[in-house]
Participant: 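Starting off with a structure, shown below.
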Amino acid sequence: MTTLPPEVAALDLKPAADCRFDVASLGEVMLRLDPGEGRIRTARSFRAWEGGGEYNVARGLRRAFGLRGAIVTALADNEIGRLVEDFILTGGLDTEFIQWRDYDGIGRTVRNGLNFTERGFGVRGAVGVSDRGLTAASQLGPDDVDWDRLFGDYGVRWLHTGGIYAALSETSAQTVLTAVKKAKEYGTIVSYDLNYRPSLWKAIGGIDKAREVNREIAPHIDVMIGNEEDFTASLGFEIEGTDIHGGEGLEVDKFAAMIETAAATFPNFKVIATTMRGVKTATINDWGAIAWSPSTGVLESIHRPNLEIMDRVGGGDSFASGLIFGPLDGQPLQVALDYGAAHGALAMTTPGDTTMVTKAEVLKLAGGGSARVDR
């Protein structure tokens with residue numbers, strides 16, 4: 001019998017044979033409309049994709065790493081909702097737990113979310129403009145999903161959700177709480193990406209409300225993921241000597257001190273992980289990541305200075321899916337961390353939120369491979 005690394009053994013993952021799904025994600029899936037190299041304000045055509053912070057992680061685990069995944073969300077039942085469903089089906093996720101809501105004809109009571117996204121270039125940063133008020137997913141209630149069927153009858157090894165979905169409404173925050181508690185009842189590991197977005201919180205209490213909601217959810221999380229701004233804004237853990245808006249790279253030792261504080265505050269955290277991004281321009285970033293567990297302490301991924309970026313949106317989600325794949329595959333945290341950093345780096349070389357990467361490409365880059373032509 002293979003002996004698992006202690007940090008993976010501590011997760012106590014359910015056997016794959018006992019579960020229908022390796023991963024399920026709870027979150028909103030929006031229609032992303034992309035003007036390509038141009039601007040939203042001057043566009044005459046858009047390319048359509050799907051995307052959502054929580055969804056992207058499960059989709060990455062399905063498409064890049066070949067695991068079995070499901071999405072828990074809600075959509076308004078009209079042609080836009082069915083288009084989003086078609087994207088989800090292409091992404092390979094099970095759609096049984098999509099809740100369909102009757103559409104009233106004009107979106108007065110329920111609608112589907114739209115996300116207009118500019119990639120940015122050079123000195124012009126990426127821009128996201130969401131149009132997601134009154135969406136079906138934001139109105140999904142704690143009792144609308146048969147959690148016992150998902151986690152009990154079917155079985156799920158890993159649930160992923162996050163702070164974007166929790167910010168959409170009072171209802172969505174309560175739905176997250178119910179989901180993570182139910183997952184824990186059935187022995188499912190839970191990861192959460194803090195994913196702080198000021199625009200989502202500003203009308204409902206701002207940073208104080210973000211901290212209130214996320215600190216209520218945090219005690220139920222096994223694997224906490226975020227960047228430096230996420231941990232500071234969402235949980236209130238300050239990083240000494242760091243300007244979270246400055247766009248410079250972080251000193252690992254200062255972030256490691258914050259992680260130790262977070263782990264002491266929330267002893268339920270079995271893994272803490274963060275991306276480390278230094279933004280030089282929209283198309284040149286320093287990129288890396290660190291992770292922590294009680295048995296390993298702080299680990300660093302391969303660092304990639306001056307990484308060339310095509311489309312940064314979704315890079316953090318692809319990091320999360322690579323990181324999650326590691327323990328699901330029985331790999332040590334260091335390997336999982338390098339998978340995550342490599343997958344995020346590769347995902348940012350293609351357009352759209354979602355990954356176009358293969359597992360072989362991730363393993364090659366994580367192992368130190370180059371961009372030489374494969375023939």
Side-chain angles (χ1 to χ4, degrees), residues 4 7-28 53-55 57-58 61-62 67-74 93-99 137 139-195 212-225 234-235 262-263 265-273 293-294 320-321 323-325 327-328 330:
L4 292 172
E7 65 273 23
V8 178
L11 292 173
D12 194 23
L13 282 156
K14 298 172 74 170
D18 294 346
C19 297
R20 177 175 293 192
F21 302 117
D22 297 301
V23 63
S25 279
L26 167 65
E28 182 165 62
E54 297 83 12
Y55 162 81
V57 176
L61 283 161
R62 172 66 187 90
L67 301 187
R68 304 160 299 167
I71 180 66
V72 181
T73 193
L93 296 186
D94 190 284
T95 59
E96 178 178 341
F97 293 90
I98 295 177
Q99 308 292 314
Q139 299 180 56
L140 184 69
D143 299 327
D144 290 336
V145 179
D146 190 342
W147 304 111
D148 294 303
R149 182 174 179 82
L150 176 61
F151 295 121
D153 297 344
Y154 288 170
V156 180
R157 301 183 75 198
W158 195 296
L159 171 70
H160 180 76
T161 188
I164 291 178
Y165 185 63
L168 295 185
S169 66
E170 292 285 349
T171 301
S172 61
Q174 290 304 311
T175 302
V176 169
L177 268 172
T178 299
V180 299
K181 289 177 180 178
K182 272 292 184 180
K184 299 310 299 175
E185 281 182 27
Y186 286 102
T188 296
I189 292 299
V190 179
S191 60
Y192 188 86
D193 192 333
L194 289 162
N195 248 336
E212 176 190 331
V213 169
N214 284 294
R215 290 179 76 91
E216 187 177 3
I217 293 167
H220 309 286
I221 304 304
D222 300 298
V223 178
M224 184 61 84
I225 302 169
S234 297
L235 293 178
T265 305
F266 297 104
N268 51 290
F269 291 169
K270 297 181 176 69
V271 173
I272 301 172
S293 76
S321 59
L323 179 82
I324 292 167
F325 173 71
L328 286 170

Participant: Report yes if some heavy atom in the side chain of Thr265 is under 4.5 Å from a heavy atom in the side chain of Arg215; otherwise report no.
Facilitator: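 Result yes, sub-4.5 Å side-chain heavy-atom pair found.
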Participant: Under a 4.5 Å cut-off applied to non-hydrogen side-chain atoms, are Lys184 and Asp222 in contact?
Facilitator: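 In short, these two side chains touch, coming nearer than 4.5 Å.
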Participant: Partners of Asp148 by side-chain hydrogen bond (donor to acceptor under 3.5 Å, both in side chains), sequence neighbours excluded?
Facilitator: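 Once residues adjacent in sequence are excluded, the partners of Asp148 under the side-chain hydrogen bond (donor to acceptor under 3.5 Å, both in side chains) criterion are Lys182, Tyr186.
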Participant: Can you tell me how far CG of Asn195 sits from CD of Glu54, rounded to the nearest 0.5 angstrom?
Facilitator: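 With rounding to 0.5 Å, CD (Glu54) is 7.0 Å from CG (Asn195).
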Participant: Measuring from Glu216:CD to Leu177:CG, what's the distance to the nearest 0.5 Å?
Facilitator: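 CG of Leu177 is found 4.5 Å from CD of Glu216.
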Participant: Can you list the steps and then say if Leu26 with Phe97 is a side-chain contact (heavy atoms from CB on, under 4.5 Å)?
Facilitator: CA-CA 10 Å; Leu26 167 65; Phe97 293 90; over 6 Å; no
Participant: Atom CG in Leu13, atom CH2 in Trp158: separation rounded to 0.5 Å?
Facilitator: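 Leu13 atom CG to Trp158 atom CH2 measures 6.0 Å (nearest 0.5 Å).
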Participant: State the NZ-CG distance between Lys14 and Leu328, to the nearest 0.5 angstrom.
Facilitator: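 If we round to the nearest 0.5 Å, Lys14:NZ and Leu328:CG are 12.5 Å apart.
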Participant: Can Val72 and Thr161 be said to form a side-chain contact (heavy atoms from CB on, under 4.5 Å), step by step?
Facilitator: CA-CA 10 Å; Val72 181; Thr161 188; over 6 Å; no
Participant: Under a 3.5 Å cutoff, is there a donor and acceptor pairing between the side chains of Ser25 and His160?
Facilitator: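 Judged by distance alone, the side chains do not pair up.
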Participant: More than 12 foreign heavy atoms under 6.0 Å from CD of Glu170: is that the case here?
Facilitator: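 At most 12 heavy atoms, drawn from other residues, nucleotides or ligands, come within 6.0 Å of this atom.
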Participant: Determine, step by step, whether Val223 and Ile324 satisfy the side-chain contact (heavy atoms from CB on, under 4.5 Å) criterion, reporting the C-alpha distance in whole Å, the side-chain angles of both residues, the deciding distance to 0.1 Å, and the verdict.
Facilitator: CA-CA 9 Å; Val223 178; Ile324 292 167; 5.7 Å; no
Participant: Counting C-beta onward and ignoring hydrogens, is there a side-chain heavy-atom pair between Trp147 and Thr175 closer than 4.5 Å?
Facilitator: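 Touching, per the 4.5 Å side-chain cut-off.
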Participant: Would you compute the distance between atom NE2 of His220 and atom CG of Leu159 and round it to the nearest 0.5 angstrom?
Facilitator: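 Here the interatomic distance stands at 13.0 Å.
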Participant: Are the side chains of Gln139 and Thr171 in contact, using a 4.5 Å heavy-atom criterion?
Facilitator: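 In short, these two side chains do not touch, never coming nearer than 4.5 Å.
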Participant: Could you tell me if the side chain of Val57 sits less than 4.5 Å from the side chain of Ser321, heavy atoms only?
Facilitator: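 When only atoms from C-beta onward are counted, Val57 and Ser321 do touch, with a gap below 4.5 Å.
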Participant: List the residues meeting side-chain hydrogen bond (donor to acceptor under 3.5 Å, both in side chains) with Tyr165, not counting sequence neighbours, and say none if there are none.
Facilitator: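 For Tyr165, no residue satisfies side-chain hydrogen bond (donor to acceptor under 3.5 Å, both in side chains) once neighbours in sequence are set aside.
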Participant: At what distance, to the nearest 0.5 angstrom, does CZ of Arg68 lie from CG of Leu93?
Facilitator: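 Answer for the CZ-CG pair, Arg68 versus Leu93, is 13.0 Å.
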